[in-house]
Undergrad: 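Please find one structure pasted underneath; my questions will follow.
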Amino acid sequence: MTLTSLLPLIALALPIIGGLAALGAGRRNRRLGIAVVAGTAVTTFLITALLALAAKDGLLREMTLVQIAPPVWIVFRIDPLGTLFAATVSGLFLLALIYAFGYLPDDRRQWRFHAFAMACQGCMIGVAFAGNLVTLLVFYELFSLLSYPLITHDRTRVAVAAGLKYLVYIITGGAFVWAGIILVFHLGGEIRFLPGGLADINGSPGLVLATFACLVTGFGVKAALMPLHGWVPDAHPAAPAPFSAVLSGVMVATGVFGILRVMFEIFGVSRLIEMGVLPWLGGIAGASVLLAAARAVGEDDLKRRLAWSTISQMAYVLMAVSTIGGQAVTGAFVHITHHAFLKGGLFFCAGLVATVTGATRISQLRGLAQRMPVTSLALTVLALGLVGIPPLSGFISKWLLGLGLADAGAMVRLGVMLAGALLAAVYLWPIIYRIWLPTDDPRFAHSHSREASGWMLGILIATGMLAVILGTAATLPGFPLDLAKNAAQWLVEPPP
Amino acid sequence: MSAAAHGLALVVLVPIVGGALIPALFRRFPTAAWGFALASSALTLAISISLIRRLLAEGPFSYAAGGWPPPYGVALHFDRFGAAIAVFSMITLLVLIFSRRYIPAVVPIARIPLYYALVMINLGGMNGFLVTGDLFNLFVFMEVFSVSAYALVAMARGPQAGLAAIKYLLLGAVSSLLVLFAIGLIFAQTGTLNMADAAGRLDAAASIVPTALALGALTIGFMVKAALFPLHVWLPDAHASAPAPVSALLSAVVVKAGVIGIIRTLQTFSDHGSLQLMPLQSLLIWLGAIAVLWGAVAALVQSDLKRLLAYSTVTNIGYIFIGLGIGSATAASGAAVHIINHAVIKAALFLAAGALIHQSGLRHIDDLRGLGERMPLSALALGVALLAVAGVPPTAGFVGKWQIGLGALETGRPLLMGVVIVGGLLVLTYGVRIINTLFFRPPLHVRVVTSREAPPSMLAAILLLAASSFLLGLAGKPMLDFVAPAILPLTDTG
Amino acid sequence: MNVLLTHVDYIAAVAIFLVGLYILLVKQNLLKKILGLNIMETAVFAFIVTAGMTDNGVPPLLGPDAVGPFASPLPHALVLTGIVVAVSITALALALIVRVKRECGSVELNELGKVE
Amino acid sequence: MPIELHDLRPVLAPLISALCAGGVFVMGTSGRWRAIWSLAAAGLKFVIVWSMLPGTLAGSVYIFRVGEILPGLSIAFRVDAFGLFYALVTATLWVLTTVYALAYMKGSHALKRFFGFFALCISTTVAIAFAENLFTLFLFYELLTVCTYPLVIHDQDAEARRAGRKYLAYTLCGGAVILAGMLLVFHSAGTLSLAEGGILGDVDDHRVLLLIFLTLVGGFGVKAAIMPLHAWLPAAMVAPTPVSALLHAVAVVKAGAFGVVRVLYDVFGVNLLKSLGFATWLGYLAGFTIIAGSIMALRQNRLKARLAWSTISQLSYILLAASLLTPAAALAAIIHLANQAFTKITMFFVAGAIEHNTGKTHIDQLDGIGYRMPWTMAAFTIAGLSFMGVPLLAGFITKWYLSLGALAADSGGFVALMALSGLLNAAYWLPIIYRAYFRETGIPQLREETPWMLLAPIGICAGYVILLGTGAQAPLMPFSLAESAVRLAFGLEGGIP
């Protein structure tokens, strides 16, 4: 076995093992635990980044590991799309895990959080590297279940209720995926991801459509595609901030990732056009964009507003993908990555503010900048980035998305996208406005609060910087844009 | 002529003469009476086995008593049905072994030699009944075993025994008279008493009314002896109040005489051209089916162990009659084999129950709770025999039920097959109830705790019979093959 | 009608038999039941004896001046045996009745039922 | 045609256990001898059964004829792929259950009786697996009823007796119905031999065939706990845990399911059933049972009761799969024999271990139990996930093939049923896992792991659940055996489509 074939496995297994090690070590010696977590997270990120660079030109490798039953294997593949996603996942996890050291109270349960979170990370990387539907399903189900203890980590009644809702949605979605996979195998005789889709899917048009619907519904639950989004506004605020960041940043994207795999590598572009499902997908995604953004505007709870925003932003991606244009798909991939860090950062901020001041509502944020200038600055940068103000990272992805939509001639969708961006400004601007507005009102004076220091602030600064760097230096080789272009090319115009 | 040639006479004479000698010789020595009875029954068994060997070698054979040839003299005839004498002798032998320790406890000491005498005479009567070729002797031997049976029922102490005996006697005597009446009718019609001869001449007889009358009288008479529903009423009382070994003999052997009487009747009348046996056979099927269900349901509600076993006999007689009524080769041979198998099983049941009752002094089923721990072997034997009587494969009880059920299907009576199966299920229900009581419930009665396992002589008989009631199930095929030729005349009517 | 006339012995036997049976079934006194039984026995014996009759037959006694047709001797032999059997049954029954009387204090079945 | 070899092993395997039972009954007053007899027989039989695997895989069929007891009715053993599959599961689990039982039952009353009948149960189960004809199958099937009864009422209290009565009432009636069916088969086909492709091909009376189908499937369906014949199973969980495990996972219920599959494939035969269409109704009934059993399981608070209802639901997977009459579904039916057995026995072992360790029997008492017994509950979690159909675990394989089979039979609705059933499984297993790990009692939980003699069987079973799910084609996996069984039943030459 060469190193390249070992690396993906290491990337997958390392967080899981590291998490268990941290659980053991951290309970005895906090410093050792921190070292294990940080070392593991950094190493994992480096490995996935390395793989992303190595695989940027196309399929690097496919590995068949274990046979479950004669036609069903556990298969991993290293391709541009998967590695880009894996790198995004491990990057955000790196930030979230370190942030958690500051966010969570220093007790034994903190290590449990880390262990589960890292196991979750490993499984998400597994999803990214999955080479067929069953492998994808394995890791998809696993990290879905592993997320549950993280969402309910606070053990409040609200958290438990949100966790239950989450579980019901996700498991039902899993069942749909499951049924879809069976149907795919029945109709196509194959469940591997193949460039350009499976060679033939024989069956009545209705059955083929049902198969597609099953898979999109199943993954759509996680992708928070309306009307399957119900768990998102509850679960995201209920989880501890570092995990909210992961949920919003990459977990929802996992659903989108699943849909991408199904669309491009199971059904294939030409069959999708033939089936006529794309307008429907675009329509649903467009509706999601607008409706979710509208809900976000009316939401006072900061984390809930961010959650609604996630639903809206991820719908951009699907809307763009539904055009099948190379440019739009590129934009979609870039948006996944950029949005991950922006939204993750925003949740970090929200968590920090809530920890320090106890404020969870936007109306309570007035005058925050007086007390917590650095936090406020980071929050502002990230919010502006999400709105799409140049030269921040959000601008790049939205620009590309807009270009792509225009390129594909999807003018209605372009209009929806612009409306969505406008609504994003509407729901994010009051936050910025409020925190910078000085006040003497004793209700907002936060007399006892002051800037936090240490882990959390460091991470905030890092995400802010990242928004700037990814925005200004987006075109550098090896940056997400570069990788996304290759990935999109590879998907939309697969090599023969 | 050598002793072997006279075997057919000896098999009747040895027990009767032996039995008759016992009160004369051993009035003062009950133990010696036991030994003598045992020896003569063993001798009878040996003779009957030698007869069967001759039967297998030569086929059915006859013996003219005193050298008079049939139809004038008293003819003895040995066919494959007659081979049952070996089983009956065997059961009597085991009952005697069992009696050694049991009888002194229930029979006044002065009557003990009488008891052994009656058992032997009963055996002689049974053997004679089976091997006779002559209608009148059929009656005489029937009276021999019947009268000895009445007396045996009365052997036990207590008011119940006498009353049960006299009830049994009254019904039994009426049935005997019916049989005798029928014999008279046949004689009047044919002028002969030889069965084979009479069968040939019945056809020629002009009037059908007397023949039908004779058939009816014989059937009813033997039905009483066989305790076929609804003429079974005497059986539960008699079998329940007799001493256990006597119950065993009555249920296993004596009621079978009635069944064999019916078989002989059917065989005799089967050649008759103008008389249709079909309605009679249908009647037998119906009565048999009702007997199966009635006996099983009645047994379910009994609280007295021996009464329950008595009702089980009613059920099994019902099975046999269903088989005979169907009359196909499958069913009739099954019924014939069931005669033997049920004899063994029922003997095992009554002896094992007797051992339990004897050792604990209790006879109500609920009082026997937990006795299985104190008397494991007897209780185990009872359990095996209960499963056998329910027809759980591969026990002996299964053979007959399978064949009869199959026969019902062959003749297009699926519902009858249902009756066969439901009956087995009901029997299994009370079987399980007893097994459960014995083994899986804590003792209720203080006497259970102090009970001890039965003495070896009793155990030997019980275990041998219980083992046979299991093993005979594995020998179903050879047994069916054995009775098949004997069944043939019957099946012609089916 | 002709059949009835030629079989008048049958009819008589059946009638007597039924009388005995009636007594046996209806009477509660054990002793009377035994009497009923005896009547039935008599009916059967009488019937068998008549069955041996031959038209104008003479007793089957062999001698120098014996001329046929003889009545069949066999029924007589049978009936003798039958009477022996019947007597033994009656004897046994009477003995049992004595025992029942001694142990239960009654020979009336309906009273005995109450004793139980 | 497979090569038929006359061999002593088919009869030796059941005989070993019967001998062991004898040994236990005779010498079993001493605990040590009980253990020695039980373990020796378990090990020996394990070896005997496994030793037939290579031959059977190579296409041989081992035969041993004991004798003909009635015309056309013989006791004979024949080891084909399907029978061996079932025997392998039984023999393997018996070793584990024996170890578990030795530890679990320590100090209980009437142990001689317990271990004696325990051994007899397995003896009869293997005999059922190896039965050459319907009669032998029926014979040992009934014997199994008799042998399990003392185990069910082992506690001898009122509840146990009630359960025992119910158990007997159901199973004995089922047995009687089978007897009726057997008579019908023998009458119409003239033979009772189980043969690939069925023996009823020449019967053209539709009503008789329907009657045979109803009686045989109904009779075996009692032990397979298909609704509405299931009521004995939840009642029977009052038995000691090793017995429940034996009842629910290995011997009894599987004997019923095994019987149904034998009836469908070897008495009727696939082609005949397809033309008759009776099996469709069986499929609907099984589908109903799957859902209704799961819903009932949801409502139970007692852990073993939930397990029992889950068993009812899971068993109908086998019946549903068998009734679809497609190769893939048949494969699912056979494999699920093993999958359900290992998964459910893990759960029963865990339930027993919890009861043994802490005395807790109800689900709402299990808060925080995962901290007290982490390894035990880890095994439980694996089993639960397997039932939910999570890939890499045994349950997924079943659902996979079953769904493929359903699609091949143009009954796509059953795929939705599988998905729904997976959801229901999640709904009743996850709360237990949740309580075990995520609900805290307020009192600090001391680590109190199960003793190793209980834990080792649990661990091995849970490991096997994973193995069955990941390495179906590993050398010691009987998967290829199941494949060859399907090939025989369907008369296929190559692979399973």
Side-chain angles (χ1 to χ4, degrees), chain A residues 65-74 108-109 112 116 126 130 132-142 144-145 148-153 155 159-160 163-164 167-168 170-187 189 191 203-204 206-207 210-211 214 218, chain D residues 328 331-332 335 371 381 384-385 388-394 396-408 410 412 414-427 429-431 433-434 437-440 466-474 477 479-480 482-483 495-497:
Chain A
L65 277 190
V66 192
Q67 186 175 30
I68 301 179
V72 186
W73 292 80
I74 293 296
R108 294 169 66 86
R109 299 190 75 246
R112 202 183 77 148
F116 273 113
N132 64 18
L133 275 171
V134 168
T135 314
L136 193 138
L137 181 67
V138 173
F139 291 105
Y140 184 81
E141 297 262 10
L142 269 179
S144 299
L145 292 174
Y148 175 77
L150 297 168
I151 291 172
T152 58
H153 187 79
R155 292 187 292 181
V160 170
L164 184 63
L167 218 50
V168 170
I170 292 307
I171 291 177
T172 313
F176 272 99
V177 175
W178 191 92
I181 294 175
I182 295 283
L183 284 165
V184 166
F185 184 75
H186 176 64
L187 298 176
I191 46 171
S204 65
L207 200 55
T211 312
C214 269
Chain D
L331 193 59
I335 292 173
Y371 296 96
T381 309
L385 293 180
M388 287 161 58
V390 174
L392 290 184
L393 296 174
F396 172 77
I397 310 281
T398 308
K399 288 197 173 147
W400 175 259
Y401 282 110
L402 210 166
S403 305
L404 283 181
L407 286 169
D410 285 329
F414 287 127
V415 179
L417 188 93
M418 285 295 97
L420 181 59
S421 157
L423 286 180
L424 284 168
N425 267 287
W429 297 129
L430 286 181
I433 298 167
Y434 165 75
Y437 289 109
F438 303 117
R439 276 282 268 273
E440 311 214 347
I466 299 177
L467 257 179
L468 283 169
T470 51
Q473 292 218 314
M477 289 291 129
F479 189 86
S480 36
E483 278 186 319
I496 313 281

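Each chain gets a letter, A, B and so on, in the order the sequences are listed, and its residues count up from 1.
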Undergrad: Does any heavy atom of chain D fall under 4.5 Å from the side chain of A:Y148, the backbone, both, or neither of them?
TA: side chain

Undergrad: Please classify the contact of A:T152 with chain D as side chain, backbone, both or neither, using a heavy-atom distance under 4.5 Å.
TA: neither

Undergrad: Side chain from CB out, backbone as N, CA, C, O: work out which of these in D:Y434 comes under 4.5 Å of a heavy atom of chain A, or both, or neither.
TA: side chain

Undergrad: With a 4.5 angstrom heavy-atom cut-off, could you sort out which part of A:L145 is near chain D: side chain, backbone, both or neither?
TA: side chain

Undergrad: Would a 4.5 Å heavy-atom cut-off, applied to side chains only, mark D:L468 and D:I397 as touching?
TA: no

Undergrad: Can you tell me which portion of D:L430 sits under 4.5 Å from chain A's heavy atoms? Options are side chain, backbone, both or neither.
TA: side chain

Undergrad: Over 60° means perpendicular and under 30° means parallel, so classify the ring planes of D:W400 and A:F185, tilted if in between.
TA: tilted

Undergrad: Rounded to the nearest 0.5 Å, what separates atom CG in D:L385 from atom CG in D:L393?
TA: 6.0 Å

Undergrad: Could you go through D:L404 and A:I182, starting from their C-alpha distance and side-chain angles, then the distance that decides it, and tell me whether this counts as side-chain contact (heavy atoms from CB on, under 4.5 Å)?
TA: CA-CA 6 Å; D:L404 283 181; A:I182 295 283; 4.3 Å; yes

Undergrad: Rounded to the nearest 0.5 Å, what's the gap from CZ on D:F396 to OG1 on D:T398? Could you check?
TA: 10.0 Å

Undergrad: Which donor-acceptor pairs under 3.5 Å do the side chains of residues 419-427 of chain D make with protein atoms, sequence neighbours left out?
TA:
{"unit_1": "D:S421", "atom_1": "OG", "unit_2": "D:Y317", "atom_2": "OH", "d": "2.3"}
{"unit_1": "D:N425", "atom_1": "OD1", "unit_2": "D:Y428", "atom_2": "OH", "d": "3.0"}
{"unit_1": "D:N425", "atom_1": "OD1", "unit_2": "D:W429", "atom_2": "NE1", "d": "3.0"}
{"unit_1": "D:N425", "atom_1": "ND2", "unit_2": "D:S421", "atom_2": "O", "d": "3.0"}

Undergrad: Is A:V160 close to chain D through its backbone or its side chain, or both, or neither, when contacts mean heavy atoms under 4.5 Å?
TA: side chain

Undergrad: A:L167 versus chain D, heavy atoms under 4.5 Å apart: side chain, backbone, both or neither?
TA: side chain

